[in-house]
Peer 1: 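Take this structure first; my questions come after.
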2 protein chains.
Amino acid sequence: MTVTIKDVAKLANVAPSTVSRVIADSPRISEETKQKVKRAMEQLGYHPNINARNLVSKSTQTIGLVMPSSKDVGFQNPFFPTVLQGISEGAQEKYYALHMTTGKSEKEILDAVIQMVEGRRVDGVVLLTSRVRDQVSSYLRKRKFPFVLIGKPYQDIEEITHVDNDNIRAMKEATEYLLHLGHRHIAFIGGTRELMVTLDRLDGYEKALQEAGILVKPEYIVHEEFLREGGQEAVRELMALDEPPTALVVADDFMALGVLNTLDELGIQVPQDLSIVSFNNVLLAEMSRPPLTSVDINIFELGYQATKNLILMIENDKEPVKRLIISHRLVERSSCAKYN
Amino acid sequence: MTVTIKDVAKLANVAPSTVSRVIADSPRISEETKQKVKRAMEQLGYHPNINARNLVSKSTQTIGLVMPSSKDVGFQNPFFPTVLQGISEGAQEKYYALHMTTGKSEKEILDAVIQMVEGRRVDGVVLLTSRVRDQVSSYLRKRKFPFVLIGKPYQDIEEITHVDNDNIRAMKEATEYLLHLGHRHIAFIGGTRELMVTLDRLDGYEKALQEAGILVKPEYIVHEEFLREGGQEAVRELMALDEPPTALVVADDFMALGVLNTLDELGIQVPQDLSIVSFNNVLLAEMSRPPLTSVDINIFELGYQATKNLILMIENDKEPVKRLIISHRLVERSSCAKYN
DNA sequence: ATGAAAGCGCTAACAC
DNA sequence: GTGTTAGCGCTTTCAT
């Protein structure tokens, strides 16, 4: 029924091992037999059985992807397809396949990861988001299994290869941009504090203010856990303060869109009444009104570098631990104005 | 080094086959030995090698996912993560894993699919988008390999199990909604004609107009191939016609956002000057200004049903061909007004 | 440069 | 109810 290496061997009048060598493009096979075997493969429509190959070779040429929880907001964020593009391109170039894990809870995800690692389905793993106290990364570390984290590790930062932006600096610069425009009342809107990226960006925000000698006010710091519901309310409260901010740094374009929306309802004009700097610079940023000044963090590159380096680690087990910092740049559009 | 079924067998004082039966939870094993074996597995930290299992059992418990070309606009569309959520939930429930294929060109994608099918990496495939003259679906059909298409097949519609919306009717209703509001000059903005979904929606648009006795004007039909560049221009031309439309049906929320943007630049107010009905009802639709009246097509369900039915097909090879139509509904928001 | 043979870790007859 | 055994399709020594 299914055509195996033996069938090819028979037709080509060689041993199965020779066929195997042809597949691996071994240099110790004469060009002549190579052609002969290839013709036979062609003729029979032969395709190697990957499971058999994986079983004996103890490698799979596939990379495991750990997605954020499927009921997470992150899943809806355009960040996600873009980083996937980068990962997939990095994998494709080296002929690696992609295996996905998802799950609704942290536990489901961890279980799925354990299954795929212990079951020898993958040679390495890319973690798509860095969460505080992430169990998956702890497990992989203990297991000494090759993996790369996109984002900043919660702990053991010197020992986990990761690719990240310098989010502290990036947000510091974003905040300073507003400072230079004359703003003194700048609020921060970010996602859940469970995400390392939120923590770093908050950090950068505070640093910028401190350096400028401006007091960091707790009421100016908002964490929108939910994209829609929570957000609306939070923005309303923020703008209802005795001393409302004149500018906002928002940790994500998608979030910024929601903010823009709420502001519109409140009759607050951007950038005339309020300036906004956002983050990530996804397609959305230029499609919103006003188009958002946003920090481009090179999402594609995050994914691409993560995969490239994971493959390096897989193929060379003494590849050193690396910390790859992807560059960012502020893209000015129309959501900011001078404060007078 | 790695612990195998034999090690477990030895420790538990049983035969390897018994261990295998315990894993498969065979009813012919006494509760007592089951416990004994499970303890041994626990103690040794045993995990089954999936490749070995796949090799002999000729099944993989994994589903292949065929994504749109990674350089495609579709990739950026929020449709994509949402449908993935549905797929992943359907798979998870039946303990199926997910294997992804991507590629930059149609050819790369086809090759990747052939590899994963012939290599016996997956038991079935779900195709995420339906394109005109899609080679992947032709290949799978010829190969008689289980697959489900999300969207409407280009050909052999009676012979390909697919899950789709009734896009013709949905767009017809959307158009009629505008008709009922008094609009007589309604234009259509859709994606590339390479996508079946575009064709169907265009069809529904034309049907609605015809039934209403309104002439379908070619200059009212716009296909934005590129989300940004092309779109801007197309919308401008449309609004610069001698008789510009008073309403728009747009085949996608993401596209609608771009349209909204261009209209704003042109100083055209929605819905006062122009009404818009959009499609898909992703999160974006309620975050835009004005919030978009959009046809909810139940994206999650598309993915979920596709996977569920694929698994049925995998597990029962005489499962009949099915055509699953997912319901839709118009969600009214603020992008439409009566025409006076 | 090529062949023979062992075995990767598992399942599934077939015995008993 | 459990053990024995023969592969699944491939790669990889070890010969020659």
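What you are looking at is a predicted structure, and each value in this text was computed from that prediction instead of being measured.
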Peer 1: Name the first nucleotide and the last nucleotide along DNA chain D (5' to 3') that come under 4.0 Å of a heavy atom in chain B.
Peer 2: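 Terminal contacting nucleotides, 5' to 3': D:dG1 to D:dG9.
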Peer 1: Run B:Asp156 and B:Arg141 through salt bridge (Lys or Arg N to Asp or Glu O under 4.0 Å) and show every step you take.
Peer 2: CA-CA 10 Å; B:Asp156 306 315; B:Arg141 232 175 81 63; 3.1 Å; yes
Peer 1: Does the plane of the ring in B:His99 sit parallel, tilted or perpendicular to the ring in A:His99? Use 30° and 60° as the thresholds.
Peer 2: perpendicular
Peer 1: Base, sugar-phosphate alone, or nothing: which one does B:Asp7 contact when heavy atoms must sit under 4.0 Å apart?
Peer 2: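 Nothing: the residue B:Asp7, judged by heavy atoms under 4.0 Å, touches no strand.
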Peer 1: Would you give a per-nucleotide map of nucleotides 10-16 of chain C, 5' to 3', where B means the base has a protein non-hydrogen atom under 4.0 Å away, S means only the sugar-phosphate does, and - means neither?
Peer 2: BBBBB--
Peer 1: Salt-bridged, A:Glu319 to A:Lys322, with N to O below 4.0 Å?
Peer 2: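 Looking at A:Lys322 together with A:Glu319, the answer is yes, because their closest N to O distance falls below 4.0 Å.
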Peer 1: Would you say that B:Val126 contacts B:Ile63 through its side chain, given a criterion of any heavy-atom pair below 4.5 Å between the two side chains?
Peer 2: yes
Peer 1: Can you check the B:Lys10 NZ to C:dG9 C1' distance for me, whole Å?
Peer 2: 13 Å
Peer 1: Would you indicate whether the side-chain heavy atoms of A:Lys308 and A:Glu93 approach each other to under 4.5 Å?
Peer 2: yes
Peer 1: Describe the nucleic acid contact of A:Ile29 in one word from base, sugar-phosphate, nothing, applying a heavy-atom distance below 4.0 Å.
Peer 2: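 Sugar-phosphate, backbone atoms only, no base.
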Peer 1: Can you give the donor-acceptor pairs under 3.5 Å from side chains of residues 22-33 of chain A to other protein atoms, not counting sequence neighbours?
Peer 2:
residue	atom	partner	partner atom	Å
A:Asp25	OD1	A:Lys34	NZ	3.1
A:Ser26	OG	A:Arg28	N	3.1
A:Ser30	OG	A:Thr33	N	3.2
A:Ser30	OG	A:Thr33	OG1	2.8
A:Glu31	OE2	A:Gln35	NE2	3.1
A:Thr33	OG1	A:Ser30	O	3.0

Peer 1: Which is true for B:Ser26 with a 4.0 Å heavy-atom rule: it touches a base, it touches only sugar-phosphate, or it touches nothing?
Peer 2: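 Nothing, no heavy atom under 4.0 Å.
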Peer 1: Inspect the contact between A:Lys94 and A:Glu315 and indicate whether a charged nitrogen and a carboxylate oxygen are less than 4.0 angstrom apart.
Peer 2: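 Salt bridge between A:Glu315 and A:Lys94, a charged N being under 4.0 Å from a carboxylate O: no.
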Peer 1: Is any side-chain heavy atom of A:Leu11 less than 4.5 Å from a side-chain heavy atom of A:Val8?
Peer 2: no
